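Okay, structure first, notes after.
Small disclaimer: the values here were computed from a predicted structure and weren't measured. In what follows, chains carry the letters A, B, and so on, assigned in the order in which the sequence lines appear, proteins first and then strands, with residues in each chain numbered from 1.
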Amino acid sequence: MPELPEVETTRRGVAPHISGRTVRDVVVRERRLRWEVPRRLPAELRGTVLATPQRRGKYLLFPAENGTAIMHLGMSGSLRMVIHDTPPAKHDHIDIVLDGPYRMRYNDPRRFGALLWTRADPLRHPRLARLGPEPFDPVFCGDYLRRLAHRRKTSIKQFIMDASVVVGVGNIYANEALYRAGINPARGAGRVGAERMSRLARAATEVLGEAIEAGGTTLRNFVGGDGEPGYFQFDLDVYGREGQPCSGCGTAIRRRWLGQRATFFCPACQR
DNA sequence: ATGCGGACCTGTTAGC
DNA sequence: TGCTAACAGGTCCGCA
């Protein structure tokens, strides 16, 4: 579920409840996530004061005094703040128990997520070191994309979803950005001209920004950081709309597969 | 270096 | 109603 807007919404949701709080304990009920939760993580976090959580791509960073907890929500992870005596539900794998009435609870049915620990600069962590720029970073622009896409034969959609190119453009927003830019998702990355590439960069930045504004797209079981199920729905033009008319020209939206991911596009508007 | 396919998991929904 | 298959928002890894 979580794409960048959901991750950012989660960060914003939990931030006021954890910034400046002391970690009383960390309860790990299931350590088999994408990678095993480090055994030393509870001991490292216990007794330290948490700073404001940060985000890098879809990774959440929880800086403590002696290191940083690095979290990824994977496909199905979510965080919520619950009062201490709330009994854990199915797939509630980890609690960060805080001073005061709340603990931060991590739930992840598919266990594609992760919780890691580093004492060093988290941005140099192997998982983060090779990430591309944030979509809101001014270096992320048409020229930047053109340079990287030079002679690349992969589709523009797979290219824009590559986290070493730019972070945070997941399947939903790749579809939406390409629609807004009028580019066929299957087009070779190296065959997108300068003008259209600029449009794509702008579209990606825009669509992600708007989704964050909207509070994140809510699909399936996403739960906002405040514990309220998000009911806001970002208005999607193509994703999940196979067979429905394109809002621009009325042509039926098509679905195809690119890189094992469902891809939605308007065959008339996107070339 | 690039590109592809498979892998990790469980839950929900569509179809018979 | 019940069973099975397809599909789901992410990434990493190994191989060609």
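Of the candidate nucleotides dC4(B), dG10(C), dC12(C), dC12(C) has the atom lying nearest to any side-chain atom of Trp35(A). When each of dG11(B), dC12(C), dC4(B) is scored by its nearest atom to the side-chain atoms of Gln158(A), the top-ranked nucleotide is dC4(B).
A donor and an acceptor atom, one from each side chain of Lys157(A) and Asn184(A), are nowhere located under 3.5 Å apart. Judged purely by distance below 3.5 Å, without hydrogens or angles, the side chains of Arg29(A) and His93(A) never pair a donor atom with an acceptor atom. No hydrogens or angles considered: nothing links the side chains of Asn175(A) and Tyr173(A) as a donor-acceptor pair under 3.5 Å. Under the 3.5 Å distance criterion, with hydrogens and angles disregarded, a donor-acceptor pair is assigned to the side chains of Ser155(A) and Gln158(A).
Contact annotation for Arg152(A): backbone-only contact, meaning every heavy-atom pair under 4.0 Å involves sugar-phosphate atoms and none involves a base. Residue-level contact check: Arg111(A) touches the backbone only, with heavy atoms under 4.0 Å from sugar-phosphate atoms and none from bases. Within the 4.0 angstrom heavy-atom criterion, only backbone atoms of the sugar-phosphate kind lie near Tyr59(A); the bases stay farther away. Using a 4.0 Å heavy-atom cutoff across all strands shown, Arg261(A) reaches at least one base atom of the nucleic acid. Contacts of Ala262(A) with the nucleic acid, taken as non-hydrogen atoms under 4.0 Å apart, involve only primed sugar atoms and P, OP1 or OP2.
When the nearest nucleotides of DNA chain C are assigned to Trp257(A) and His72(A) by heavy-atom distance, the more 5′-ward of the two goes with Trp257(A). Along DNA chain B, the nucleotide nearest to Arg34(A) and the one nearest to Lys90(A) differ in position, and the one closer to the 5' end is contacted by Arg34(A).
Evaluation of Phe112(A) against the base of dT11(C) yields no stacking contact (centre distance < 5.5 Å, interplanar angle < 30° required).
Glu3(A) contributes no side-chain N or O that forms a donor-acceptor pair with the base of dG10(C) under 3.5 Å.
When the C1' atom of dG10(C) is taken as reference, atom CD1 of Ile172(A) falls 12 Å away, rounded to whole Å. In this structure, His93(A) atom NE2 and dC9(B) atom C1' are separated by 9 Å, rounded to whole Å. Following rounding to the nearest Å, Leu128(A) (CG) and dG10(C) (C1') show an atom-to-atom distance of 15 Å. Atom P of nucleotide dG10(C) and atom CG of Asp108(A) are separated by 13 Å, given to the nearest angstrom. One interatomic measurement links the two molecules: CD of Gln260(A) to P of dG6(B), which rounds to 7 Å at whole-angstrom precision. Distance CD1 (Ile160(A)) to P (dT11(C)): 14 Å, rounded to an integer number of Å. Between Leu33(A) atom CG and dA7(B) atom C1' there is a gap of 16 Å when expressed in whole angstrom units. Atom-to-atom, CG of Asn107(A) to P of dC9(B) comes out at 17 Å; the value is rounded to the nearest Å.
In this structure dC9(B) sits in no base pair that meets the Watson-Crick or G-U test at under 3.5 Å.
Under the 30°/60° scheme for interplanar angles, the aromatic rings of His72(A) and Tyr59(A) are found to stand perpendicular.
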